[in-house]
Each structure stands twice: as C-alpha cells, then as structure tokens.
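Heads up, the thing below is written out as structure tokens.
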Amino acid sequence: SNPTPGVVVNELNGTDVYKGVPKDYVGADVIPQNFLDVISGEAALEAKGKRVVKSGPKDNIFVYFMDHGSQGSVLFPKGYLYADDLNNRLKKMNQEQKFAKLVFYLEACDSGSMFEKHLPTDINVYAITSSRYNELSWMC
C-alpha cells in the first residue's frame with residue numbers, strides 16, 4: 001500500500017534520497033546467504049560480479065544491521081538469518097584471518113539472542129545489540 005514504491009524521503013514532503021544511490025544488492029539478492037557471503041568475501045559471489053568485503057588480517061570491519069528479529073534470528077525480505085549461521089561464519093572469518101577486529105551493531109527485537117551464548121570471546125568480535133536476548137527494541 002506504499003503510494004511511492006522505491007522512493008525514500010527523510011522528511012515530510014522531502015526529496016527522494018534514494019534516487020541515484022548505487023545499490024549492490026536489491027530484491028531477490030537480499031537473502032541471508034548473500035549477506036554472510038558478502039561480509040566474508042566469498043570468491044564465488046564475487047565471481048558473479050557482486051561486490052564483497054575483501055579484507056585481511058590487518059583490516060577492521062564494521063557491520064551495521066537493522067531489521068526485525070525474534071529469539072535466535074533476524075528477518076530478511078526472504079528468509080531468516082539464524083544465530084548459529086551468523087556466529088559460525090564469524091568464527092570461520094576469524095580462522096581465515098579476514099579481520100583484525102570486527103564490530104557488529106545489530107538493531108532488532110531480541111537481537112541479544114544472536115550473540116549471547118553463541119559468540120566466542122576470543123575472536124576479536126565486539127557485538128552491540130539494541131535489546132537483550134528476550135526484549136523488544138521499539139524504534140522509539
């Protein structure tokens with residue numbers, strides 16, 4: 001029921017701030033697997049002409065993710081990203097020396113559940129969430 005699909009404004013009757021902005025992933029490409037592959041620099045995705053994070057042992061990575069969540073998952077337009085899948089990928093990235101430090105901001109309901117009891121303390125990942133593992137994080 002959006003009267004202006006594809007138009008993003010940041011004030012009432014404002015101009016479209018989305019027009020002309022380069023977009024690497026839209027529509028059917030916005031899925032959990034692609035997200036994990038992007039942050040970890042998967043060569044197979046890059047071979048398809050897609051942009052990925054190309055990082056190494058001296059790089060610091062910042063990830064900001066905002067969407068809806070529930071205990072142990074966050075929502076994508078098509079599918080869910082589960083805590084185990086995210087943390088397994090972060091562990092793999094650490095083993096492959098894909099970063100020196102990684103900071104992950106996650107804003108979603110129950111977002112604490114994506115890391116609590118999942119994220120190892122010895123892989124140089126600092127996770128900040130907008131709510132505890134069992135808490136709604138209202139946008140206001």
Side-chain angles (χ1 to χ4, degrees):
S1 62
N2 180 358
T4 57
V7 174
V8 178
V9 298
N10 61 5
E11 63 185 1
L12 190 58
N13 299 317
T15 58
D16 184 359
V17 297
Y18 195 61
K19 185 176 182 179
V21 174
K23 301 157 197 81
D24 296 310
Y25 294 85
V26 296
D29 288 336
V30 184
I31 58 174
Q33 187 63 50
N34 280 349
F35 175 75
L36 295 174
D37 289 350
V38 166
I39 65 171
S40 60
E42 290 298 319
L45 191 57
E46 185 179 26
K48 294 178 183 176
K50 294 294 194 174
R51 288 176 50 147
V52 298
V53 175
K54 296 175 88 172
S55 59
K58 294 183 180 180
D59 293 311
N60 297 322
I61 298 176
F62 174 77
V63 178
Y64 176 78
F65 185 96
M66 182 183 81
D67 210 319
H68 298 286
S70 60
Q71 287 200 9
S73 67
V74 289
L75 182 64
F76 275 72
K78 299 235 180 203
Y80 294 89
L81 173 60
Y82 296 100
D84 286 339
D85 295 333
L86 173 60
N87 287 279
N88 287 338
R89 185 61 63 102
L90 294 173
K91 289 182 228 177
K92 179 181 178 198
M93 289 172 66
N94 178 68
Q95 290 169 347
E96 295 175 351
Q97 298 184 352
K98 297 275 186 165
F99 58 83
K101 297 178 212 168
L102 188 145
V103 175
F104 202 116
Y105 278 27
L106 180 55
E107 187 175 341
C109 289
D110 301 312
S111 54
S113 69
M114 291 297 289
F115 299 106
E116 188 170 322
K117 298 180 182 173
H118 295 280
L119 182 65
T121 59
D122 63 350
I123 65 168
N124 252 4
V125 173
Y126 182 70
I128 300 168
T129 61
S130 62
S131 64
R132 294 182 181 101
Y133 72 93
N134 63 347
E135 178 181 51
L136 299 178
S137 61
W138 304 97
M139 80 177 189
C140 59

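Bear in mind the structure is a predicted one, so any value in this text is a computation, not a measurement. We're numbering straight along the sequence, starting at 1.
- Here the straight-line distance linking atom CE of Met114 with atom CG of Leu90 works out to 9.5 Å at 0.5 Å rounding.
- The residues Lys48 and Glu42 are annotated as not salt-bridged, no charged nitrogen and carboxylate oxygen being separated by less than 4.0 angstrom.
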- Show the numbers, then the answer: is there a side chain to side chain contact (heavy atoms under 4.5 Å, CB included) between Ile39 and Ile61? CA-CA 9 Å; Ile39 65 171; Ile61 298 176; 5.9 Å; no
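- Using a 4.5 Å cut-off between side-chain heavy atoms of Ile, Leu, Val, Met, Phe, Trp and Tyr, with links allowed through other members, Val74 and Met66 fall into different hydrophobic clusters.
- Note that CD1 of Ile31 is 8.5 Å distant from CG of Asp37, once rounded to the nearest 0.5 Å.
- Atom CD of Glu107 and atom CD1 of Ile128 lie 12.0 Å apart (nearest 0.5 Å).
- Interatomic distance, OG of Ser137 versus NE2 of His68, reported as 10.0 Å (0.5 Å rounding).
- Identified under the salt bridge (charged side-chain N to carboxylate O under 4.0 Å, His left out) test for residues 18-34, with sequence neighbours left out: Asp24-Arg51, Asp29-Lys50.
- Contact detail for Ser113 and His118: the closest heavy-atom pair is O-CD2, 3.4 Å.
- Under a 3.5 Å cut-off, the side chain of Ser111 and the backbone N or O of Ser130 do form a donor-acceptor pair.
- Partners of Glu116 by side-chain hydrogen bond (donor to acceptor under 3.5 Å, both in side chains), not counting sequence neighbours: none found.
- Atoms NZ and OH, on Lys101 and Tyr126 in that order, are 12.5 Å from each other to the nearest 0.5 Å.
- Taking all atoms of both residues into account, the shortest heavy-atom contact from Arg132 to Glu135 is N-OE1, 2.9 Å.
- Residues passing the side chain to side chain contact (heavy atoms under 4.5 Å, CB included) test with Ser70, sequence neighbours excluded: Ser73, Asp110.
- Considering every non-hydrogen atom in both Ile123 and Leu119, the closest pair reads CD1-CD1, 3.9 Å.
- Legend: residues meeting ring pair (Phe, Tyr, Trp, His ring centres under 6.0 Å) with Phe35, ordered by chain and number and at least two apart, are Phe65, Phe76.
- In this structure, Ser131 contributes its side chain and Ala108 its backbone to a donor-acceptor pair below 3.5 Å.
- Every ring pair (Phe, Tyr, Trp, His ring centres under 6.0 Å) that Phe62 has, sequence neighbours left out, goes to Tyr105.
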- Message: What verdict does the side chain to side chain contact (heavy atoms under 4.5 Å, CB included) test give for Met93 and Val125, after you've listed the backbone C-alpha separation in whole Å, the side-chain angles of each residue and the deciding distance to 0.1 Å?
- Response: CA-CA 10 Å; Met93 289 172 66; Val125 173; over 6 Å; no
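- Cluster annotation: Val53 and Phe99 are assigned to the same hydrophobic cluster (Ile/Leu/Val/Met/Phe/Trp/Tyr, side-chain heavy-atom contacts under 4.5 Å, transitive).
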- Full working for side chain to side chain contact (heavy atoms under 4.5 Å, CB included) between Leu86 and Phe104: CA-CA 11 Å; Leu86 173 60; Phe104 202 116; 3.9 Å; yes
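- For the salt bridge (charged side-chain N to carboxylate O under 4.0 Å, His left out) condition, no pair includes a residue of residues 56-85, sequence neighbours left out.
- Atom CG of Leu102 is separated from atom CG of Asn94 by 9.5 Å, given to the nearest 0.5 angstrom.
- Connection of Leu45 to Val63 is established within a shared hydrophobic cluster, with ILVMFWY side chains joined at heavy-atom distances below 4.5 Å, either directly or through further cluster members.
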